[in-house]
Amino acid sequence: MSDQIKSIVEKLNKEPFKKNYNLITFDSLESMQLLQLLNDVLGEIDPKHVVDIREEMPEQTAKRMLSLLGILKYKPPGSITDLSTFRQGLVIGSKPVIHPVLHWLLQRTNELKKRAYLARFLIKLEVPAEFLQDDTVADTNKQYEDLMEAFKNLHKECEQLKTSGFSTAEIRRDITAMEEEKDQLIKRVERLKKRVETVQNHQRMLEIARQLRVEKEREESLAQQKQEQKNQLFHAEQRLQRVQLQLKDMQHAVVDSKPESLMKRLEEEMKFNSYLCSEKFPRELDSKKQSLYFLQKVVSEPAMGQSDLNELETKINEVNAQINQLIEKRMMKYEPIDSKFSMYRQQASIISRKKEAKAEELQAAKEEMSNMERQMLQKANQARELDGTEVLKGDEFKRYVNKLRSKNTFYKKKRLEIAEITAEYGILQRTEELLKQRHEAIQQQLQAIEDKKGISGYSYTQEELERVSAAKSEMDEMKGRTLDNMSEMVKKLNAMVADKKSSLAPIIKELRQLRQNCQELTQECDGKKVQYDSCAAGLESNRSTLEQEVKGLREECIQEESCYHHTNCMKKNLEVQLQRAKDEMKTYVSPDPQDRRKAIREQYTRMILEQENLGKKLREKQKAVRESHGPNMKQAKMWRDFEQLMECKRECFLKQQHQISVGQVIQEGGEDRLVL
């Protein structure tokens with residue numbers, strides 16, 4: 001209770017109330033002041049309730065507050081279950097009634113403001129059925145409901161826009177920037193119009209520019225269609241590869257198999273699939289539907305508190321206990337007769353569980369196999385994209401390995417030959433070096449002999465003349481050969497041109513005819529495409545309208561279902577409350593005093609008496625404190641004055657002691673001088 005009062009005082013001292021309360025002043029408020037404070041808090045939530053309660057009757061005030069609390073969905077705490085007691089406490093301004101209400105209101109003020117605002121427009125007026133027989137009243141009521149639904153949708157859109165992250169300041173800045181850009185564009189267009197008007201045939205040029213823009217848009221759409229068709233072609237090729245792979249696998253499986261084994265395998269697959277379709281999948285579907293039904297039921301029900309959850313748990317425990325008792329009774333009743341059947345049932349249940357486990361394992365293995373096949377296809381596609389070749393399998397891979405082995409042997413043989421050739425090349429290179437050395441030595445000897453004889457350079461000149469004559473003879477031979485080759489090449493080219501002309505003549509005729517056919521087919525394709533686009537646009541518009549209608553009908557169905565579930569839950573809650581009220585009435589009317597003491601009314605009456613006695617004691621204690629407050633304050637002031645007086649005396653004593661010590665020092669110094 002003290003934590004509750006602390007939180008109330010903290011909230012009241014903040015914006016927008018600013019009451020400047022503390023725990024004592026808040027606890028000392030009278031009933032009328034508490035009621036006025038509660039009314040102020042309700043007025044902050046709903047401005048219609050900003051009134052002075054002294055100007056209206058207590059019953060009217062209680063009725064107004066109860067109606068607003070009912071709209072805000074306030075539930076009295078566990079200590080106040082009797083609605084009449086709660087209403088009476090609200091009328092007289094009882095603290096145990098008003099404090100929880102204030103605490104509940106101040107903890108969720110913003111949420112309750114929103115709820116009060118929506119209640120002004122969403123609380124439906126109940127029109128009697130006999131008045132709805134009138135057409136005008138029925139039409140007006142229908143318009144009223146339509147407006148209410150429109151308000152709901154607009155409010156949802158508003159909340160979504162608020163939470164979408166767009167602030168009004170940013171939107172306003174964007175709007176102003178767009179308006180400025182619009183003005184600039186308008187001015188620019190006007191300037192361009194003035195410029196263009198001076199040009200000849202500007203209308204025709206504008207028309208050509210418009211056609212150019214249309215053709216560019218058409219080109220973009222065609223490019224997009226081309227890309228889509230490429231994607232479709234790629235997917236089709238992938239499907240073809242998968243099908244070819246499946247075909248190869250089936251062919252490999254069929255090569256070494258017999259008709260009996262194939263039939264046996266097909267029978268096993270058929271049994272497994274029939275088991276899945278007839279037993280496993282229907283059972284899983286029923287369980288999913290049941291769980292979906294329970295989830296929808298939980299979602300449609302209103303939010304439940306801790307007390308509701310506790311009641312449901314107790315009910316569940318009771319029902320489970322009853323089920324266990326019934327099972328035990330049934331087992332005790334039928335055990336001696338059906339002992340053998342129970343054993344068979346247990347075996348059958350064990351076998352069925354094993355069957356389900358194996359079916360799940362088989363299903364998981366099939367899914368894993370399909371995933372591995374998918375990964376294998378992806379890896380094969382990646383390898384094909386990198387190398388441009390397919391991944392080899394089976395016999396092809398064996399042939400490829402044998403081919404690699406033969407190439408490896410051939411490579412080793414050629415490598416040996418290369419080693420022999422390199423060895424021979426080394427020997428020849430060494431021989432060449434030796435011959436070059438001998439040639440240089442001979443040349444030096446020859447040059448020395450020529451110098452002695454006086455004919456130096458004779459051998460060099462002779463070698464040069466021989467080399468020039470040999471080069472001239474080679475050039476003459478090359479010229480003759482080139483002329484002969486050129487004449488032969490010209491003859492061959494002429495013959496080839498004649499042959500190509502004769503062979504291409506019928507092909508050119510066919511090509512002309514094919515070009516005419518291509519132009520005709522292109523025109524026909526364009527016409528068909530225009531028809532297709534118009535038909536597709538019409539079908540698309542019809543589909544969009546039908547989708548909108550279906551969406552609206554689904555939303556109406558969901559709303560009606562939620563209303564039905566809400567009404568059903570409210571009905572059950574009212575039945576429970578009515579049953580509790582009947583039980584309370586029985587205990588209260590019972591002649592047995594022990595039962596009467598168990599009645600909630602008697603318990604609360606005793607608690608109220610105890611609280612009133614406690615309040616009287618506290619008021620007496622408060623009165624005694626108030627009476628002794630003045631003398632106590634006077635005595636405290638006298639003690640403070642006495643304390644100041646003693647502090648002053650202590651300071652004077654300390655100063656006097658200090659002066660005496662200084663005088664003694666001065667006197668001792670004078671005596672020392674006299675001695676000197």
Side-chain angles (χ1 to χ4, degrees), residues 150 153-154 156-240 381 384-385 388 507-552 554-555:
N153 296 327
L154 290 173
K156 287 179 183 177
E157 291 177 1
C158 179
E159 292 295 324
Q160 290 176 359
L161 290 174
K162 284 181 180 178
T163 56
S164 61
F166 297 103
S167 62
T168 55
E170 293 178 356
I171 293 171
R172 286 173 182 167
R173 285 197 297 270
D174 294 339
I175 290 171
T176 53
M178 290 170 71
E179 288 179 351
E180 291 176 358
E181 290 179 0
K182 182 182 176 183
D183 295 335
Q184 292 176 3
L185 288 172
I186 290 170
K187 292 178 182 178
R188 189 176 175 185
V189 169
E190 289 178 354
R191 287 198 300 270
L192 290 173
K193 280 184 178 180
K194 289 179 181 178
R195 264 208 217 152
V196 170
E197 286 176 356
T198 59
V199 180
Q200 294 180 356
N201 299 326
H202 65 278
Q203 292 290 338
R204 186 169 176 276
M205 293 174 72
L206 289 173
E207 185 65 27
I208 292 169
R210 193 178 297 110
Q211 291 178 1
L212 177 62
R213 187 179 67 252
V214 172
E215 291 298 327
K216 283 185 177 180
E217 291 176 355
R218 186 181 176 188
E219 184 180 2
E220 290 177 357
S221 65
L222 289 173
Q224 188 176 2
Q225 290 178 3
K226 183 180 179 182
Q227 187 64 33
E228 290 176 356
Q229 289 178 358
K230 283 184 178 179
N231 294 331
Q232 291 176 1
L233 179 62
F234 178 71
H235 293 309
E237 288 177 353
Q238 284 186 344
R239 287 198 299 272
L240 179 62
N381 292 328
R384 193 180 298 108
E385 289 175 359
I507 297 172
I508 291 169
K509 290 181 181 180
E510 293 179 358
L511 181 62
R512 289 174 183 172
Q513 188 175 1
L514 290 172
R515 281 179 180 172
Q516 292 178 359
N517 294 331
C518 179
Q519 291 178 357
E520 293 175 358
L521 291 172
T522 305
Q523 293 176 359
E524 186 178 358
C525 178
D526 293 335
K528 297 292 185 182
K529 190 173 183 182
V530 170
Q531 293 178 4
Y532 170 76
D533 292 336
S534 61
C535 183
L539 293 173
E540 185 67 25
S541 62
N542 293 330
R543 187 176 66 83
S544 61
T545 54
L546 290 173
E547 284 180 353
Q548 290 177 358
E549 290 178 0
V550 170
K551 188 177 179 182
R554 283 180 178 173
E555 289 179 355

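In what follows, residues are counted from 1 in the order of the sequence shown.
- Listed by chain and residue number, Lys529 satisfy the side chain to side chain donor-acceptor pair (under 3.5 Å) test with Gln225 (two or more places apart in sequence, or in another chain).
- Note that CD of Glu549 is 10.0 Å distant from OG of Ser544, once rounded to the nearest 0.5 Å.
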Could you tabulate the donor-acceptor pairs under 3.5 Å formed by side-chain atoms of residues 174-189, not counting sequence neighbours?
{"residue": "Thr176", "atom": "OG1", "partner": "Arg172", "partner atom": "O", "Å": "3.1"}
{"residue": "Thr176", "atom": "OG1", "partner": "Arg173", "partner atom": "O", "Å": "2.6"}

Can you give the donor-acceptor pairs under 3.5 Å from side chains of residues 514-523 to other protein atoms, not counting sequence neighbours?
{"residue": "Asn517", "atom": "ND2", "partner": "Gln513", "partner atom": "O", "Å": "3.3"}
{"residue": "Thr522", "atom": "OG1", "partner": "Cys518", "partner atom": "O", "Å": "2.6"}

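- The salt bridge (Lys or Arg N to Asp or Glu O under 4.0 Å) pairs that include a residue from residues 210-222 are Glu207-Arg210, where partners are two or more places apart or lie in different chains.
- Not counting sequence neighbours, the partners of Arg543 by the side chain to side chain donor-acceptor pair (under 3.5 Å) test are Glu540, Glu547.
- Residues Gln531 and Lys528 are in side-chain contact: their nearest non-hydrogen atoms beyond the backbone lie under 4.5 Å apart.
- In this structure Lys156 satisfies the side-chain contact (heavy atoms from CB on, under 4.5 Å) test with no other residue, sequence neighbours excluded.
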Indicate every side-chain donor-acceptor pair of residues 227-238 with a distance under 3.5 Å to a residue at least two apart or in another chain.
{"residue": "Asn231", "atom": "ND2", "partner": "Gln227", "partner atom": "O", "Å": "3.2"}

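- With sequence neighbours excluded, no residue forms a side chain to side chain donor-acceptor pair (under 3.5 Å) with Glu555.
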